[in-house]
Chemist: 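For reference, the structure I am asking about is given below.
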Amino acid sequence: MQMATEMVTLAGLIPGAKPTQIDGLSGPVSTLFGYGLWLLILAGAGGVGFGVFKLAISDKSRHGGGSEPFKWMGAGVAAILLAGSLITILNGIAG
């Protein structure tokens with residue numbers, strides 16, 4: 001398990017953050033949960049970026065469906081806020 005998380009971290013997919021150990025959870029579960037929250041933040045950032053991209057290339061006429069980029073950006077920001085608040089809460093409980 002440790003080798004798999006080390007390989008993913010070395011691949012540059014996950015920032016070099018070490019999740020805080022959560023009391024009552026086993027080591028692998030706590031590590032996977034912590035990295036899962038970091039991946040949720042990265043997915044939210046990707047959603048915001050994709051929304052900005054769609055806004056840049058969208059048809060700006062009245063019937064162009066201009067609300068879709070804002071849906072992507074809003075969902076990305078919501079994912080970032082959700083994961084950030086969960087990380088803060090869990091670090092407060094664990095620390």
Chemist: For L86, enumerate each residue passing the side-chain contact (heavy atoms from CB on, under 4.5 Å) test, keeping only those at least two apart in sequence or located in another chain.
Modeler: L37, L82

Chemist: Kindly state each residue pair satisfying salt bridge (charged side-chain N to carboxylate O under 4.0 Å, His left out) with at least one member in residues 39-56, sequence neighbours excluded.
Modeler: K54-E68

Chemist: Give the cluster check for V48 versus L81: same hydrophobic cluster or not, with ILVMFWY residues linked at side-chain heavy-atom distances below 4.5 Å.
Modeler: yes

Chemist: For F50, which residues count as a ring-ring contact (aromatic ring centres under 6.0 Å, His included) partner, sequence neighbours excluded?
Modeler: W72

Chemist: So which atom in P69 and which in G51 form the shortest heavy-atom distance, rounded to 0.1 Å?
Modeler: CB-O, 3.3 Å

Chemist: I need the full list of salt bridge (charged side-chain N to carboxylate O under 4.0 Å, His left out) pairs touching residues 69-91, with sequence neighbours left out, sorted by first then second residue.
Modeler: none

Chemist: Using 0.5 Å steps for rounding, measure from the CG atom of L39 to the OH atom of Y35.
Modeler: 10.0 Å

